[in-house]
**Student:** 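The structure follows.
We're numbering straight along the sequence, starting at 1.
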Amino acid sequence: MKNIIAYFIKYHVAVNIIVLVFVSFGIIGALSMNSSYQPLSDAKNISISIVYPGASPNEMEEGVVLKIENNLKGIVGVDRITSVSKENSALINIEIARGKNIDIVLADVKNAVDKVPSFPTGMEPAIISKVESIRETISFTLSGENIPLTSLKQYARQIETDLRNVDNVSQITLSGFPEQEIEIALREKDLRAYNLTFEAVANAIKQTNILMTGGSVKTNSEEYLIRASNRKYYADDLHHLVIRADNSGNVIRLSDIADLSDKWSETPDRIFYNGEIAASISISNTNSEDMLAAAAEVRKYIQRFNNQHDNLEINVSRDLSITLEQRTVLLLENIFYGVLLVLLFLALFLNVRIALW
């Protein structure tokens, strides 16, 4: 220790260089550090989401969940497995043991699910993903005077698309409106007149309203992709859907036997702001995103949007970045006053210059 002190006394320039290096790295680290309202935590859970339309909770448990759970047994790194079976869906949560690499366990879980010998017909592919830790950043509502819910949803979707192009913004949640549905009300007299059954109409709609890929055809010079793109999303597009046709040219269309309309689902999901119907948009941040930067960009977008629209308005309902900025200012003030008090007390007993160092 004495030799080190003697060396730095003799070569004082080296001390200045070391101090400058430490200060430089400190500044670089402070500028590159992401801000977050809550402490960052790595993903520790893996979820398996299964959707099986029309299945009861017992069918989900016996036909899907138990098969997957049996294959998951014995995977290294799995601490505990819990599952919830509901009507039409199920969710399996896998907790990772401490110290294990979640990416390796995730690959093993995907392989285990792929090894299940058979799933029920009609079940959608299982979605396997890490449960990432996300934290709310800013939330706001979109509302306007006498704006229909359909138009409000379209504007909210456009805002979501715009914000996804903003840096540090990836997690966006929309709420305030139920899912849209197409109601097909079959007329019993017309069904009997055309000798059709409910099942025949349902199968015709299912087989015609599709979006799928049929492979490819290669030639010497080109490759053709075969694709059936006939999926419709609105009632007006389904009016001319063919239910049955014969060789003589007679065609029965869906509008001939049913009344079609676009409707909202019966879920009572509504949000109101100042008495007007509204849509809520929530922005969250992940471990790799900066909370303060994301909130600042979102506030700029809100200001531009309000300036460009007269009949629509965005109002911020919750902004956690303001609280974080206030805490940061409080911390810096405490640091300043703490250093000042230490300097004053040292100056009472030491030379001011030595106290400053």
**Student:** Is a side-chain donor-acceptor pair under 3.5 Å present for Ser282 with Ser139?
**Tutor:**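 A donor-acceptor contact under 3.5 Å links the two side chains.
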**Student:** Does the side chain of Lys67 come within less than 4.5 Å of Val65's, by heavy atoms?
**Tutor:**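 The answer is no; the side chains never approach within 4.5 Å.
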**Student:** Below 4.5 Å, heavy atoms only, C-beta onward: do Ser89 and Ser49 meet side chain to side chain?
**Tutor:**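 A side-chain contact under 4.5 Å is absent here.
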**Student:** For the atom pair CD1 (Ile94) and CD1 (Ile75), what is the distance rounded to the nearest 0.5 Å?
**Tutor:** 6.5 Å
**Student:** At their closest point, which heavy atom of Val105 faces which heavy atom of Gly77, and how far apart are they?
**Tutor:** CG2-CA, 4.2 Å
**Student:** Would you mind reporting whether Glu87 and Ser56 have side-chain heavy atoms less than 4.5 Å apart?
**Tutor:**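 No; the side chains remain at least 4.5 Å from each other.
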**Student:** Would Leu152 and Leu312 count as a side chain to side chain contact (heavy atoms under 4.5 Å, CB included) if you check the C-alpha gap in whole Å, the side-chain angles of each, and the deciding distance to 0.1 Å?
**Tutor:** CA-CA 9 Å; Leu152 200 65; Leu312 286 170; 4.0 Å; yes
**Student:** Between NE2 of His309 and CZ of Arg304, what distance do you get to the nearest 0.5 Å?
**Tutor:**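 His309 NE2 to Arg304 CZ: 12.0 Å, rounded to 0.5 Å.
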**Student:** Any chance you could lay out the side chain to side chain contact (heavy atoms under 4.5 Å, CB included) test for Ile281 and Ile172, step after step, and finish with the verdict?
**Tutor:** CA-CA 7 Å; Ile281 304 174; Ile172 304 176; 3.9 Å; yes
**Student:** Looking at every heavy atom in both Val169 and Ala294, which two are closest together, and how far apart are they?
**Tutor:**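 It is CG2-CB, 4.0 Å.
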**Student:** Is a donor on one side and an acceptor on the other found under 3.5 Å between the side chain of Thr328 and the backbone of Leu324?
**Tutor:**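 It does hold such a pair.
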**Student:** Could you walk me through whether Ile159 and Ile314 pass the side chain to side chain contact (heavy atoms under 4.5 Å, CB included) test, one step at a time?
**Tutor:** CA-CA 10 Å; Ile159 292 173; Ile314 295 178; 3.8 Å; yes
**Student:** Among side-chain atoms of Gln303 and Tyr301, is any donor-acceptor pair under 3.5 angstrom?
**Tutor:**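 There is no such pair (donor and acceptor under 3.5 Å, judged by atom type) between the side chains of Gln303 and Tyr301.
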**Student:** The criterion is salt bridge (Lys or Arg N to Asp or Glu O under 4.0 Å); which residues satisfy it with Arg164, sequence neighbours excluded?
**Tutor:** Glu160
**Student:** Determine whether more than 12 heavy atoms belonging to other residues, nucleotides or ligands lie under 6.0 Å from atom NE2 of His239.
**Tutor:** yes
**Student:** When rounded to the nearest 0.5 angstrom, what distance separates CD1 in Ile68 from CD1 in Ile50?
**Tutor:** 4.0 Å
**Student:** Taking side chain as C-beta onward, heavy atoms only, is Asp167 less than 4.5 Å from Glu297?
**Tutor:**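 Side chain of Asp167 against side chain of Glu297, heavy atoms only: no contact under 4.5 Å found.
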**Student:** Working to the nearest 0.5 Å, report the span between OG of Ser85 and CG of Leu91.
**Tutor:**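 Here the interatomic distance stands at 9.5 Å.
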**Student:** Which pair of non-hydrogen atoms, one from Ala112 and one from Leu72, has the smallest distance, and what is that distance?
**Tutor:**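 Closest approach of Ala112 to Leu72, heavy atoms only: CB-CD2, 3.9 Å.
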**Student:** Does Thr219 reach the side chain of Glu223, with side-chain heavy atoms less than 4.5 Å apart?
**Tutor:** no
**Student:** So which residues get pulled into Leu254's cluster when ILVMFWY side chains under 4.5 Å apart are joined, directly or through others?
**Tutor:** Ile182, Ile184, Leu186, Leu191, Tyr194, Leu196, Phe198, Val201, Ile205, Leu238, Leu241, Ile243, Ile252, Ile257, Leu260
**Student:** Are Val166 and Ile138 connected in the hydrophobic side-chain network, where two residues link if heavy atoms are under 4.5 Å apart?
**Tutor:**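 Linked within one cluster.
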**Student:** Counting neighbours of CD on Glu333 that are heavy atoms of other residues, nucleotides or ligands and sit closer than 6.0 Å, is the number greater than 12?
**Tutor:** yes
**Student:** Thinking salt bridges, do Lys44 and Glu95 make one under a 4.0 Å N-O criterion?
**Tutor:** no
**Student:** Does Ile46 share a hydrophobic cluster with Val76, counting links as ILVMFWY side-chain heavy atoms below 4.5 Å and allowing steps through other members?
**Tutor:** no
**Student:** Using side chain to side chain contact (heavy atoms under 4.5 Å, CB included) as the criterion, point out the one residue from Ile92, Asn71, Ile48, Asp108 that pairs with Val113.
**Tutor:**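 Among the candidates, only Ile48 passes.
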**Student:** Does atom CZ of Arg187 have more than 12 heavy-atom neighbours, drawn from other residues, nucleotides or ligands, at distances under 6.0 Å?
**Tutor:**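 Buried by this count: over 12 neighbours within 6.0 Å.
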**Student:** When you group the ILVMFWY residues by side-chain heavy-atom contacts below 4.5 Å and let the links chain together, are Leu292 and Leu332 in the same group?
**Tutor:** no
**Student:** Does the side chain of Ile271 come within less than 4.5 Å of Ser175's, by heavy atoms?
**Tutor:** yes
**Student:** Would a 4.5 Å heavy-atom cut-off, applied to side chains only, mark Lys100 and Ile102 as touching?
**Tutor:**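 No, their side chains stay 4.5 Å or more apart.
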**Student:** At what distance, to the nearest 0.5 angstrom, does CG of Leu320 lie from CD1 of Ile283?
**Tutor:**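 Spacing of CG (Leu320) from CD1 (Ile283) equals 12.5 Å.
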**Student:** Is there a donor-acceptor contact under 3.5 Å linking the side chains of Glu289 and Ser170?
**Tutor:** yes
**Student:** Assigning hydrophobic clusters by single linkage (Ile, Leu, Val, Met, Phe, Trp, Tyr; side-chain heavy-atom cutoff under 4.5 Å), is Val116 placed with Val109?
**Tutor:**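 Yes; tracing contacts between hydrophobic side chains, which count when under 4.5 Å, links both residues.
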**Student:** Tell me whether the count of non-hydrogen atoms from other residues, nucleotides or ligands lying under 6.0 Å of CZ in Phe272 goes above 12.
**Tutor:** yes
**Student:** Between Asp103 and Lys130, does any NZ, NE, NH1 or NH2 come within less than 4.0 Å of an OD or OE carboxylate oxygen?
**Tutor:**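 Yes, Lys130 and Asp103 are salt-bridged.
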**Student:** Would you say Asp256's side chain and Arg253's backbone share a donor-acceptor pair under 3.5 angstrom?
**Tutor:** yes
**Student:** Does atom CD1 of Ile18 have more than 12 heavy-atom neighbours from other groups under 6.0 Å away?
**Tutor:** yes
**Student:** Between the side chains of Thr137 and Asn285, does any donor sit under 3.5 Å from an acceptor?
**Tutor:** yes
**Student:** State whether Asp319 and Arg299 are salt-bridged, where the test is any N-O pair (Lys NZ or Arg NE/NH1/NH2 against Asp/Glu carboxylate O) under 4.0 Å.
**Tutor:**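 Salt bridge: yes.
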**Student:** Cluster question for you: counting only ILVMFWY and a side-chain heavy-atom cut-off of under 4.5 Å, with indirect links fine, are Leu31 and Phe22 together?
**Tutor:** yes
**Student:** Would you tell me whether Glu313 and Ser143 have side-chain atoms, one donor and one acceptor, within less than 3.5 Å of each other?
**Tutor:** no
**Student:** Looking at Gly54, is its backbone amide N or carbonyl O close enough to the side chain of Asn88 to form a donor-acceptor pair, meaning the two atoms are under 3.5 Å apart?
**Tutor:**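 Looks like yes, one N/O pair under 3.5 Å.
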**Student:** Check whether the side chains of Asn58 and Glu62 place a donor and an acceptor atom closer than 3.5 Å, and report yes or no.
**Tutor:** no
**Student:** Would you say the side chain of Tyr52 lies within less than 4.5 Å of the side chain of Met60, judging by non-hydrogen atoms?
**Tutor:** yes
**Student:** CD1/Ile302 to CZ/Phe140 distance, rounded to the nearest 0.5 angstrom?
**Tutor:** 5.0 Å
